[in-house]
Amino acid sequence: MTPEMIEIGRGLAYGGAGLAFGLAGAGSAWGIAIASHAAAGVMREKPELFGRMLVMIALPGTQGFYGFIAAILMMTQTGLIGGSSLKISLGTGIALFFVGLADGLAQMISAIHQGNASAAGISLLARRPDQAGRAILFPAFVETYAVVALLATILFIVFLTQPLALQYLSR
């Protein structure tokens, strides 16, 4: 591996980290906006329901944190944070780029749809305040796939940055 290829590999890995965080954060902002619009409509008529709606407004924000976790793990495992600079091959860098992209897209799409599910739950809560427990299930089911995407991302990052994997992939 030439030093140039190592730097390209590292650059791609850091690009993947940026995509994981950036796409997830954008999706979370979008999902929270969707839920907030629904909650604002309900609060015009029933401001006392704010506390019950708050969790459903905030839920789409978790994907932004998941993208942040993926980005930090990618940066620590490749040496951007922590100082120990690993030799990331071009192939490993490309793999980490696409892991970050896939996680970012999964988190973004999940957050947007969780915002829609939260809006549906808020709508239910507006009509039937006694159904708060059921209303929160709608966005909670969407959350499952955001967590699965994060777990898969963590496994890929850990595997791709192990010394044995780096040695095998750089052949």
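Only heavy atoms go into these numbers, but all of them, side chains included; no hydrogens, no water, no symmetry mates.
- Remark: Met108 CE to Leu101 CG distance equals 9.5 Å, nearest 0.5 Å.
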For this session: With side-chain contact (heavy atoms from CB on, under 4.5 Å) as the test, would you mind laying out the steps for Asp103 and Leu19 before giving the verdict?
Result: CA-CA 8 Å; Asp103 181 63; Leu19 286 168; over 6 Å; no
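- Taking CD of Glu7 as the reference point, atom OG1 of Thr2 lies at 10.0 Å (rounded to 0.5 Å).
- Around atom CD of Glu48, more than 12 heavy atoms belonging to other residues, nucleotides or ligands sit under 6.0 Å away.
- Linking Ile, Leu, Val, Met, Phe, Trp and Tyr residues whenever their side-chain heavy atoms come within less than 4.5 Å leaves Leu124 and Leu137 in two separate clusters.
- For Glu45 (side chain) and Gly41 (main-chain N/O), no donor-acceptor pair under 3.5 Å exists by modelled atom type.
- Once rounded to the nearest 0.5 Å, the distance linking CD of Gln107 with CZ of Phe68 reads 14.0 Å.
- Taking a 6.0 Å sphere around CZ of Phe156, one finds it holds 12 or fewer heavy atoms contributed by other residues, nucleotides or ligands.
- Taken together through direct or relayed side-chain contacts under 4.5 Å among Ile, Leu, Val, Met, Phe, Trp and Tyr, Phe141 and Leu59 form parts of separate hydrophobic clusters.
- Remark: Met74 CE to Ile157 CD1 distance equals 4.0 Å, nearest 0.5 Å.
- Looking at every heavy atom in both residues, Ala35 comes nearest to Ser118 through CB-CB, 3.8 Å.
- Considering all non-hydrogen atoms of both residues, Thr78 and Ala13 come closest at CG2-CB, 4.3 Å.
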For this session: Carefully, step by step, assess Ile57 and Ile122 under the rule side-chain contact (heavy atoms from CB on, under 4.5 Å).
Result: CA-CA 9 Å; Ile57 296 167; Ile122 289 167; 4.2 Å; yes
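- Side-chain contact between Tyr14 and Leu96 is absent, with no heavy atoms from C-beta onward closer than 4.5 Å.
- Here the CD1 atom belonging to Ile34 is positioned 6.5 Å from the CD1 atom belonging to Ile112, to the nearest 0.5 angstrom.
- At a threshold of 4.5 Å between side-chain heavy atoms, the hydrophobic network of Ile, Leu, Val, Met, Phe, Trp and Tyr places Ile109 and Tyr145 in two separate groups.
- Remark: the backbone N or O of Pro139 is paired with a side-chain donor or acceptor of Gln114 at under 3.5 angstrom.
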For this session: Step by step, work out the side-chain hydrogen bond (donor to acceptor under 3.5 Å, both in side chains) result for Tyr66 and Glu143.
Result: CA-CA 11 Å; Tyr66 299 159; Glu143 183 79 16; 2.5 Å; yes
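- Neither Leu155 nor Val99 shares a network with the other; the hydrophobic side chains, linked directly or stepwise wherever heavy atoms of I, L, V, M, F, W or Y lie under 4.5 Å apart, form separate groups for each.
- Between the Arg52 side chain and the Leu125 main chain, no donor and acceptor come within less than 3.5 Å of each other.
- The heavy-atom pair separating Ala71 from Ala17 by the smallest distance is CB-O, 3.3 Å.
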For this session: Assess whether side-chain contact (heavy atoms from CB on, under 4.5 Å) is satisfied between Ile136 and Met56, documenting all intermediate values.
Result: CA-CA 6 Å; Ile136 201 165; Met56 287 187 278; 4.1 Å; yes
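- Heavy atoms only, all atoms of each residue included: Ser110 and Ala146 are closest at OG-CB, 3.4 Å.
- Ala70 and Ala20 make their closest contact through CB-CB, 4.2 Å (heavy atoms, listed as atom of the first residue, atom of the second, distance).
- Follow the hydrophobic side-chain contacts under 4.5 Å out from Ile8 and you never reach Met75; the two are in separate clusters.
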Exercise. Where do Thr92 and Leu12 land on the side-chain contact (heavy atoms from CB on, under 4.5 Å) test, with the steps shown first?
Worked result: CA-CA 9 Å; Thr92 303; Leu12 286 166; over 6 Å; no
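- In this structure, the separation between CG on Leu160 and OG on Ser89 is 9.0 Å, given to the nearest 0.5 Å.
- In this view, Arg134 and Gln131 satisfy the side-chain hydrogen bond (donor to acceptor under 3.5 Å, both in side chains) rule, not counting sequence neighbours.
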